[in-house]
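Throughout, protein chains are lettered first and strands after them, A, B, ... in sequence-line order, and every chain is numbered starting at 1.
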Number of protein chains: 2
Amino acid sequence: MKNNHVTIKHLARELGISSSTVSRALKDHPNVSPETKKAVTDLAEKLNYLPNSIALSLRRSKSNTIGVIIPEIVHFFFSTVISGIEDIAYNAGYSVIVAQSNESYEREVMDTRALANHRVDGILISMSRETTDYEHFESIHRRGMPMVFFDRVCDTINCSKVIVDDFDGAFQVTRHLIQQGYKRIAYLAGPENLIISKQRMDGYCMALEQYNRAFDESLIVRGRAADSEETAKELTAKLLNSPNPPDAMFAINDRAALGAMKAAKEKGLKIPQDFAIAGFSNWEFTSMTDPAITTVDQPGFKMGQEAAKLLIREIEAEEDETIIPETRILKTDLIVRGSSLVNGHL
Amino acid sequence: MKNNHVTIKHLARELGISSSTVSRALKDHPNVSPETKKAVTDLAEKLNYLPNSIALSLRRSKSNTIGVIIPEIVHFFFSTVISGIEDIAYNAGYSVIVAQSNESYEREVMDTRALANHRVDGILISMSRETTDYEHFESIHRRGMPMVFFDRVCDTINCSKVIVDDFDGAFQVTRHLIQQGYKRIAYLAGPENLIISKQRMDGYCMALEQYNRAFDESLIVRGRAADSEETAKELTAKLLNSPNPPDAMFAINDRAALGAMKAAKEKGLKIPQDFAIAGFSNWEFTSMTDPAITTVDQPGFKMGQEAAKLLIREIEAEEDETIIPETRILKTDLIVRGSSLVNGHL
DNA sequence: CTGAAAGCGCTAACAA
DNA sequence: TTGTTAGCGCTTTCAG
């Protein structure tokens, strides 16, 4: 490719003036005569001058670029987050470099390094599933690189974070089912070591408590319930065939809900009349042909926006200003299918 | 933020040598003594030196960055494309800047300009729906900016393109239905002015012809059939209530297929026994609970890969080398639900 | 109002 | 084997 970039120098030479004057004219500096200004802008227009942001970045040691590291792009939640990030970044004059770790620690380390080399002004991160060592983040954080974690956050780094209120989401879902008149709400639990699992379970319990429902251990399926649609289906079927079956189900994720739905259908139960399903979900449900499922949507777009805002705030803070890291907890949106939005925060 | 970047100068000063020596040592230049080399790399390691790609970009007038402009990120097809782009880019040492036009012409123009300013080495584009004027692309293309269009391509610009073989996809779908034994295959057509609509219709006709089926105009629904799920449903219902109803349906997109499915279900038809549906789709179907629908998937990942490869090839071509623009037509993947992949090209 | 000069971080020719 | 110098494109003192 022939490198045909028009530079300030070209304009200067053409007009027989110095490049500093051109520079000033271009940015409408007061101390430059109207004639020169006009001549410069006209020529710039004519030759289609495009300022070189690379040079600017070097000069200012600021690239007006932010980096994003996510586990995968092809995922409704994450692509929604990127979209939110892009929204805020664009309006604040930043470009967005996207790197996907593919859930690989090694790749994440490389991505981090690459973004640091690129001198992005800050980094937004959702960690890979593999990541347990945080040195690659810590080393650049020590150097003062602004960073904000979202969704999959790193506890050991003292920076801003954006997460979802799993407790409240679970509470909302359960309350919704109770308010709809369901009596026996089963729960397909997630892995017990995950914080989100615990929080969701707590939200479920809290709703039961608040509505004076007894907690019934026989309605709780612990273990690998939500690992796959298959297991969820089997476990639900077992529950449905028990002597005192549930009339509703809290599903911890898409797989759990899909499995539960299939089990119910096979048993000939009408959804949601005989058996209601509600729970956490990502993309899958929004396109489901069966509108009978109420879901808590992760507010991905908002999460991206919030994370980007926090990051940019930190990037643009004055030298001496100290930004206190802040963890923002976003409410989920309860979406009732087959009717309008019940409790949307968007 | 305090700007704590270690530079070559720092290393040089610390070691009492010149920065050029440091530079050479860092890149393992032959003409530098082993001792110096070791001293330099050790110190670089210790101080966690990270090369400044911005400075490098300026020096080399090459940013090792490619820009992507897409209508929206939150879309299975497009996010898949990005993923494919990222895959190739990463392995070739390029970063990816993503800009979404949000289907807005104005925004697309701004994005193009921003990427040009950023001195990306090339741009990958899928045009916004609004775009009918191409000057923003042409002006940078004239300057020699490598660019490749994908999916929503621009005909007036002489550069490489990657598109999907709609004709073949439609042919495959129709043939599949015929081979499954369906006799009367209805067709909900797309807008007649779109090239893809025509090509898909041609593929449909070709399959009929090849299997000696008569083309029956009464099975074709022209017009706004695929505009919304609602209209698709109504139109399908009408067909199903006609004296000589179809036993299968070619759906031009997700909406058409969903509408058709609902109409069939309301009429109590079993899918796919009484009424089969097959057609083009994006994400929606892959998560459908009803496995009875055969779809042609747009090969998004591959499209991203191919587009990125074409772009990088052009970027890295020698000065004097002339790259002949090339339009790559990708085959679609016929995916039969409820069974394994029948004709996958991945 | 305008110009000359320095420097952001890095590399590569040229000198030593 | 190492150092000096110049320059990528731009802005910004400092001098005129």
Side-chain angles (χ1 to χ4, degrees), chain A residues 1-41 43-44 47-65 93 116-121 143 319, chain B residues 1-41 43-44 47-65 116-121 143:
Chain A
M1 158 202 181
K2 38 196 172 113
N3 192 356
N4 286 332
H5 284 297
V6 180
T7 73
I8 281 192
K9 260 192 191 165
H10 292 139
L11 302 182
R13 208 169 6 237
E14 184 99 359
L15 294 167
I17 58 178
S18 79
S19 34
S20 21
T21 307
V22 174
S23 170
R24 281 189 279 249
L26 250 20
K27 47 176 34 196
D28 210 20
H29 190 91
N31 286 355
V32 56
S33 78
E35 304 87 62
T36 332
K37 216 173 264 183
K38 180 152 175 25
V40 170
T41 48
L43 186 63
L47 298 184
N48 194 13
Y49 166 78
L50 295 168
N52 185 330
S53 327
I54 297 274
L56 242 184
S57 300
L58 185 59
R59 180 89 234 281
R60 294 211 212 287
S61 9
K62 177 155 194 303
S63 61
N64 267 71
T65 298
N117 289 351
H118 252 285
R119 294 300 190 265
V120 293
D121 298 328
R143 287 229 176 312
E319 278 282 329
Chain B
M1 157 202 180
K2 39 198 172 111
N3 193 354
N4 287 333
H5 284 297
V6 179
T7 73
I8 281 191
K9 260 191 190 165
H10 293 139
L11 302 182
R13 208 168 7 235
E14 185 98 359
L15 294 168
I17 57 178
S18 79
S19 35
S20 28
T21 306
V22 175
S23 170
R24 280 189 281 248
L26 251 18
K27 47 176 36 198
D28 210 21
H29 189 91
N31 286 353
V32 55
S33 77
E35 305 86 61
T36 333
K37 215 172 266 184
K38 180 154 176 22
V40 169
T41 48
L43 186 62
L47 300 183
N48 195 12
Y49 166 77
L50 295 169
N52 185 330
S53 326
I54 298 274
L56 243 184
S57 299
L58 184 60
R59 178 96 234 280
R60 295 212 213 287
S61 14
K62 178 156 193 303
S63 61
N64 268 72
T65 297
N117 289 352
H118 252 285
R119 295 299 190 265
V120 294
D121 298 328
R143 287 228 177 311

Enquirer: Output the single nucleotide from D:dT2, D:dC10, C:dA12 whose closest atom is nearest the side chain of B:Val32.
Expert: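 For the B:Val32 side chain, the nearest candidate turns out to be D:dT2.
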Enquirer: Please report the closest heavy-atom contact between A:Ser63 and A:Arg119, naming both atoms and the distance.
Expert: OG-O, 2.6 Å
Enquirer: Would you call B:Arg24 and B:Ser20 a side-chain contact if the rule is heavy atoms closer than 4.5 Å?
Expert: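 Yes, their side chains come closer than 4.5 Å.
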Enquirer: Just wondering, do A:Leu50 and A:His5 contact through their side chains at under 4.5 Å, heavy atoms?
Expert: no
Enquirer: Are the side chain of B:Asp121 and the backbone N or O of B:Asn64 linked by a donor-acceptor pair below 3.5 Å?
Expert: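 A pair under 3.5 Å: yes.
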Enquirer: Take the C1' atoms of the five end pairs on each side of the helix from C:dC1-D:dG16 to C:dA16-D:dT1, get both axes, and report the angle to 10 degrees.
Expert: 50°
Enquirer: Could you please name the option among C:dT2, D:dC10, C:dT11 that lies closest to any side-chain atom of A:Leu56?
Expert: D:dC10
Enquirer: Ignoring the backbone of B:Arg24, work out which of C:dC14, C:dT2, D:dG9 is nearest its side chain.
Expert: C:dC14
Enquirer: In whole angstrom, what separates B:Asn117's CG from D:dG9's C1'?
Expert: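 Roughly 13 Å, once rounded to whole Å.
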Enquirer: Could you please name the option among D:dT11, C:dT11, D:dG3 that lies closest to any side-chain atom of B:Ile17?
Expert: D:dG3
Enquirer: What's the closest nucleotide to the B:Thr36 side chain, out of D:dT2, D:dT11, C:dG3?
Expert: D:dT2
Enquirer: Which whole-number value in Å describes the distance from A:His29 NE2 to C:dC1 P?
Expert: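 It is 10 Å, rounded to the nearest whole Å.
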Enquirer: Categorize A:Ser20 for me: base, sugar-phosphate, or nothing, with a 4.0 angstrom heavy-atom threshold over every strand shown.
Expert: base
Enquirer: Of the nucleotides D:dC10, D:dT12, C:dT2, which one has an atom closest to the side chain of A:Asn31?
Expert: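 My answer, after comparing the listed nucleotides, is C:dT2.
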Enquirer: What's the spacing between B:His10 NE2 and B:Leu43 CG if we round to 0.5 Å?
Expert: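 If we round to the nearest 0.5 Å, B:His10:NE2 and B:Leu43:CG are 11.0 Å apart.
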Enquirer: A:Pro34 or B:Leu50: which one's nearest nucleotide on DNA chain C is closer to the 5' end?
Expert: A:Pro34
Enquirer: For the pair made of NZ in A:Lys62 and C1' in C:dC8, what is the distance, rounded to whole Å?
Expert: 15 Å
Enquirer: Using a heavy-atom cut-off of under 4.0 Å over every strand shown, decide if A:Ile54 touches base, sugar-phosphate, or nothing.
Expert: nothing
Enquirer: Counting only side-chain heavy atoms from C-beta out, which of D:dT12, D:dT1, D:dG9 sits nearest to B:Ser33?
Expert: D:dT1
Enquirer: Run through B:Thr7, B:Val32, B:Val40 and flag the one making a side chain to side chain contact (heavy atoms under 4.5 Å, CB included) with B:Val22.
Expert: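 That would be B:Val40; it is the only one of B:Thr7, B:Val32, B:Val40 passing the side chain to side chain contact (heavy atoms under 4.5 Å, CB included) with B:Val22.
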Enquirer: State whether the side chain of B:Ser19 and the backbone N or O of B:Ile8 hold a donor-acceptor pair below 3.5 Å, judged by distance alone.
Expert: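 Side chain of B:Ser19 to backbone of B:Ile8, a donor-acceptor pair under 3.5 Å: no, none is there.
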Enquirer: Among the nucleotides D:dG3, C:dG3, D:dC8, which one has an atom lying closest to any side-chain atom of B:Leu58?
Expert: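 From the listed options, D:dC8 comes nearest.
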Enquirer: Which nucleotide wins on minimum distance to the side chain of B:Lys9, given the candidates C:dT2, C:dA12, C:dC8?
Expert: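 Output: C:dC8.
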